[in-house]
Structure formats: C-alpha cells, structure tokens
Amino acid sequence: MQYCKYLLFIAFPLSIFSQNFSNQWTGHYSYFNVNDIYTTNGIIYAASANSIFVYNTEDRTTETFSTINGLSGESIATVYHSDTYDITLIGYENGLLELLVDDQVRTFIDIVEKPTIPPTQKRINDFFEYEDKVYISTQFGIVEFNLERIEFGDTFFVGTGGSQINITGIVVFNDTIYATSDSQNGLLSAAVNNPNLVDFNEWATVATGNFRGITVFNNELLVLQNNDLIRRFDSGTLTTLITAPSRIKAISSTSENLVLTVTEGSVVYDTNLQEVQSIISTVDDVFIANASLVLGDKLYLATTTRGLLEIENTTLDTRNSISPDGPLLNRVFGIEANNGNLWTVFGEYDVNYNPFPFPMRNRGISKLTPEGWLNISSDDVLGATALSHITINPNNEEQVFISSLNSGLLEINNNVVTNLFNDTNSGFDTFLPDDSRFIFLNGSVFDNEGNLWITNARVDNGLKRFTPGSTQTLDVDLSSFISDPLRNLGFSDTVLDANGNVFFGGWSSGVIGYNGDTGRLIQLIGETEGSNLPSNNVLALEIDSNNQLWIGTFRGIRVLFNTAGVFQQNNTQASQIIITDDEGVPQELLFDQTVTDIEADGSNNKWVATASSGVFYFSPDGQETLAHFTQDNSPLPTNNVIDISVDDSTGAVYFATLQGLLEFKGTATGPEQNLENVVAFPNPVKPGFNGNVTIRGLTSKANVKITDIEGNLVYEQISDGGSIQWNTTAFGRHKVASGVYLILVTAEDNADTTVSKLMIIR
C-alpha cells in the first residue's frame, strides 16, 4: 500500500539561541498561576503562565527563568525535565518548544512556522521520554525529539487516513507506545521499535472513546476517559477503577501512589486504589487546581491563584506556598512608582472603556517594596472592581488613591485599604439608575494644595476636585463640550501643568483643559481640522519639565508647546514632531501608532509605550531615538505595552503588559534639592568599558564640567534633571586617556558647588 511519509521539520531552522538580559532588566513576573509541574530527584519544575521556576525540596531554594533569561514570554502549557540529559523542556500553547540546556535557552520555532497546521492546533500537551527520545503530544499528532542530538525527528499523523488529531498523552509500556486522543480514534498503539511509525497504518485503534490522559501505575496501563473515569486497559478490555465526583484535570503516578487532580483539589490513592489523601478547596478557601504530584510525604498542588502549594498530612492547614515572590497576576494594567516603591493594579477595560468583559475584575493590588512584594488580596479591597489608575499623594506617600472604572475611589493608608468613595459617601456620580451604581473614575492627579483632580465618565460633571478628608467634591460641568456624556465612553489620563491648569483626555473628546482660576474650559479636538489631533481618542498625556503637553492618541502623537496660551487664544493647534529618516526624508514621529502612555524621566527624555511596537525612548524634543525595545530585542513578553512608570529617585523604568511586569535599569533621575549626593558610576571606568558614565545627584539646571587633572576642559553640560550621561570622549571627538578626571558641579543659582573625582583606566 502506498502512503505519504510526513516530515515536519526539514525546511525550518532547528533552533535559535536566546539572549540573556539579566544585567539591564529585572522581571517581576507572577508565579501564583501554575499550569503544570514535574518532579525528578527531589527537584520540582513548575510552569507558570509564561515563566518557570525550579524548586529544590532538599535545600528549599528556588530559581526562576523568564524572558530575562531568554524565554519567549508566550503562554506555557507543560514542562518536563530529563535527568539523563539534564535538559528541561518547555512546551507552549502556540507550539513553541524551548529547552534549558546548561542554563541557556534554546528556542525551536519549527512547529510554530509549519503552514500546514492551523495556528490554533499547535499546542504542546505533554512530554514522554523513552531511551534517547522525547515523544511530544500535540494537538495535531506526535512529534519525536532526539535529546542526544538536540533535534527534531519524525512526526506521526495518526488519525484516520493520516489526519491530524489531538494527542492528550503518551506512554511506552511493554515495548508498545500508547497514545490517547479525545477524538474518535480514542486509544492508539504501535510497536515502539517499529522503524515505520510515520505510516499511520502502523497505528491501531485499540479502544474507542474520549481519552484525556494516560499513565502506568502498579504495572498496569490506566487511562483517563471522559471527565471522571479512571479505567484499566488490559488485552483490549477497559475496566472502570475509579469514578471521580468531579472533573479530573490530570493524572500522575509514582511507585506507591496514583494522584488525580480535580478542579477543586487533589485525591491520592495507594497501590490498592484506596484513598489515602484528599485536599479539596472549600467555600471559605476557594482555589482551582491544575496539576498535583506526591513527593516523599508531601503533596504538591499547582493552582491558578495560590501558586504551588506544599501540603503535609491531609489538611490544607499544613500548606506552605513555595511560589517565588511576585505580584498577584501577570495581567498588569496600571502602575505607579515612587521613591523605591511600585504600586500595581490589574483592572482591565477594553478599547471602549468597558470593564465588564473581564471575568476577574476584582483582582486585588500588589506593591513592590525594597523588601519584596506586598499583596492585598481581592477580599480586602472593599468589593471594588476594575481598579485601573493609581495616584500617590506627593505630600504623604503612605496615602494612595486608586480609581475604579466601576466602583468609585479606593483609599489606602499605610498599605491598608481604608475607604471606598462612591455616590453614597462622596460627590462622585453614577451614570445609570441608583441600583446599578456604576461610577467610572480613571485618571487623577494631585495639585499643590493637596486636592485630587479626577475624571468621572459618562456624566455631565465629568471633572471632579476631591479633597482627602472630605466627602465633598468640586464639580466641573463638561456638557458644553460633551452634549451626550453617555456617548463619551470614558476618560484616560489627567495631568496638571506648571500653572495649575488641568488637562485630561477621552475616548472621543480629544483633550479638555480647565483653568481653575477663571473657570474656563478649552478643548483640542478635530482630526483633519481644528486642533490637529490625529485622533480624538486620546490615551496618554504628559507634562514634561519644559511645561509642554505631550499627547498620545489612537493614531499618533502631538505636542502642545504653550499650555498657558491655550486659555488665552482661540483655535490652538497641537504640533506634529517631524523627524528625518535615514534617507533624509521628513516624516511624522510615530505616524498612525496607537500610543498607550508617555512618561518623561529625570532628563526630560520621553518613554513612549505603544499597542503594537513596544517602547520608544526619545530625546527631550523627540528628534532622536535613544532606544527602541520590542519583543525581539528585549525581555518584553509582548509589543503591547499598557503603562509605563519612572521612579525618579532611582531611574528605574517599569513597563506594564498583560503578560508581565518588567523593570529596566534606567539612569535618568529627578533633580535633587542640593548637591550633597553627587556621584559618578561606574568609578573607576575599567578597560573594555564602552558605555556611558552616569553622574547622578544633580540639582535642576546644574552646570557640570569635567576636566583632566591639569584643568583642561573635556566636557560640559547643563542638566535637565538629576543626572547626565558622559560617553568619556572629549566633546565627542575621541576617547579621553587614562587618568583622574575632576567633575565640577555648580547649581543654577551658583550658591551650591561640589567636586568629585573619576578614575578612567584604558
């Protein structure tokens, strides 16, 4: 009989070595959602949403691997470790395969790029090692991977007529390879040493039905059929051994125990199939289990919200969470950094400012401190949902206000939620009848008098001035600009300029400005005429150190250079930033890009987040691109970056994405009050160093002169913020020689000076 021999991987590169970014970046991933676990020799390998951690049960140490180490950041489905070859295999939802070999990541894109397999059917379900091969269960069939040569082998399409079917598990038992499928092919088998397994005719269907897993326990072949049956397969006969009271999600086994993972926990059986342990969540302690295993006298339970639990005896009271420190979730939506701390919220809304499609809107709050992560659970936020925007009181950093695009305004004092302000105890307005109580609050900012200016969407009084300690608000009526507030679905950022003017953006309202002294309102609106905005959907606003308003829209970026003048004249237009490309052709900066956030750092450089192109780092005027971070050249797990926050005290820059939180070690800090803490680093500059020297601790507009030991000037700059960069050249011409250099700093008013020394060794 003629048949086709399917070779999946001939035309594609075998592997790509990933980069390691551990010197510049820190990953703040969540490890509370664990999808899969595997153990060998006292080591547990745990797969979270898009990173893994390795836990040593003997010395209780943990090591993490994420995009910082070179992982892709995609959604992980399963994990496995080969003791024989000391290789960790990571299988992804999209078919990507990554290997950890000697702490180096090797990425295999062959399945992902195979055009004959639908993109939604490439998931890697499981691994089974036999001799020098790993058999990979996938949604389309079985794939061989040779661990000795670290390369793919054959692919077996074992459905009827060689069709693609979902393989849910594989074992080798008594020289026979068995594969389970949830299709009509059911349980399939073939001689494992058959050299012709690529021929689908060599595979036989030995049992029909819906099979979702397989294991060998007590020298018997056991299969998981349907949702709740554990059945023994012997000589063509299926015998039911266990009928579970709820859905079985996974099965695993040791020489002594069979372990069933059910949705709400885990049940352990001995070799006589007698139940010896049952860990089930309760109404007061709810969690969802994904996988479980027994190691020694402990049960390890992988959950979606509690991380990896280590449980002794037979009660949850003995549990110990062994997941690494991190935020509650990877779906980070809003962040705010200040003085070494970072607040994080997870309350999503869609492009139409609608929070309701997201089922877990009550998601709690996370705070990164110098000591680690502090997490406030969803049970402790007074029922508030869709928490989306964070504002720290500049006069009291222990007081934090978090806007909810549903419930009102949450107040936190000393890391404890203390108040929820809504229509019953404050002046915030609902936009539907009282029994609904939907209060859409978002962007907010403190003024110099300690008042919080905040937007209240879908009502006439869309701008509020809220004074902490009071239940009253000052209302600003926007109906002259927004005739039907229910059609303006929401507001985004709120900022204040140096004169105390309030500016905020919205879904279809462009930019609205408010002068509190005169009560005058202005509006920048109009895509082709009027205010020269590329889109009336304004997502981001930032006032820089020059008091210029940077505007990020759904289709590009604009700058308002004179924020005070906009209240004194009519028909003010925002300006495009025109740059010249490499071929000398003028073009608009970020033309047609969806800009999700803009932040100015201590040097007045601009960090700009986009929905599809990662993050840009521009010079103060936007004319020079200092850096461009994407999923391809950085640890960003996605090019859709939701929010950015810069910590002026450290220079750290944080990036929020729906696939994790990243920190970049920036060097631009905010200005200091005096010159007592001026420092240069690295110091000394050692041979082979090709980066910039950072001089930090400067006051605003400080004059920095660098001379050699004989007093010859080699560099001079006026600081924009609290730091400057020097590339160790004499005014950009040539590298300076080895020696001691003096850094002479003078404050803008000439009242404060300091001198530091810098050693350069070539």
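Counting from 1, the numbers follow the sequence of the chain as shown.
- The structure places CG of N341 at 7.0 Å from CG of N338, a figure rounded to the nearest 0.5 Å.
- Salt-bridge annotation for R696 and E672: absent, with no side-chain N of the basic residue lying under 4.0 Å from a carboxylate O of the acidic one.
- For Y353 and F440, the ring centers are positioned 6.0 Å apart or more.
- Aromatic pair W25/F655: ring centres closer than 6.0 Å.
- N639 places no side-chain N or O within donor-acceptor distance of the main-chain N or O of S613, the cut-off being under 3.5 Å.
- Between the side chain of S719 and the backbone N or O of T699, at least one donor-acceptor pair lies under 3.5 Å.
- Between F664 and Y654, the ring centre distance reaches or exceeds 6.0 Å.
- Rounded to the nearest 0.5 Å, atoms OG1 (T344) and NE2 (H28) are 9.0 Å apart.
- For T518 against N515, the heavy-atom pair with the smallest separation is N-OD1, 3.0 Å.
- Minimum heavy-atom separation, S723 to T667: OG-O, 3.0 Å.
- Aromatic pair F629/Y617: ring centres not closer than 6.0 Å.
- Side-chain contact of N442 with S492: a donor-acceptor pair under 3.5 Å is absent, judged by distance alone.
- When all heavy atoms of F554 and S535 are compared, the closest pair comes out as CB-OG, 3.5 Å.
- The distance between the ring centers of W453 and F504 does not fall below 6.0 angstrom.
- Contact check on D429 versus K464 returns a salt bridge, with a Lys/Arg side-chain nitrogen under 4.0 Å from an Asp/Glu carboxylate oxygen.
- A salt bridge between E542 and K606 is absent, with no side-chain N of the basic residue lying under 4.0 Å from a carboxylate O of the acidic one.
- Using a 4.0 Å cut-off between charged nitrogen and carboxylate oxygen, R558 and E588 count as a salt-bridge pair.
- Between the side chains of D632 and T630, not a single donor N or O lies within less than 3.5 Å of an accepting N or O.
- Put simply, the side chain of R331 never gets that close to the backbone of F346: no donor and acceptor are under 3.5 Å apart.
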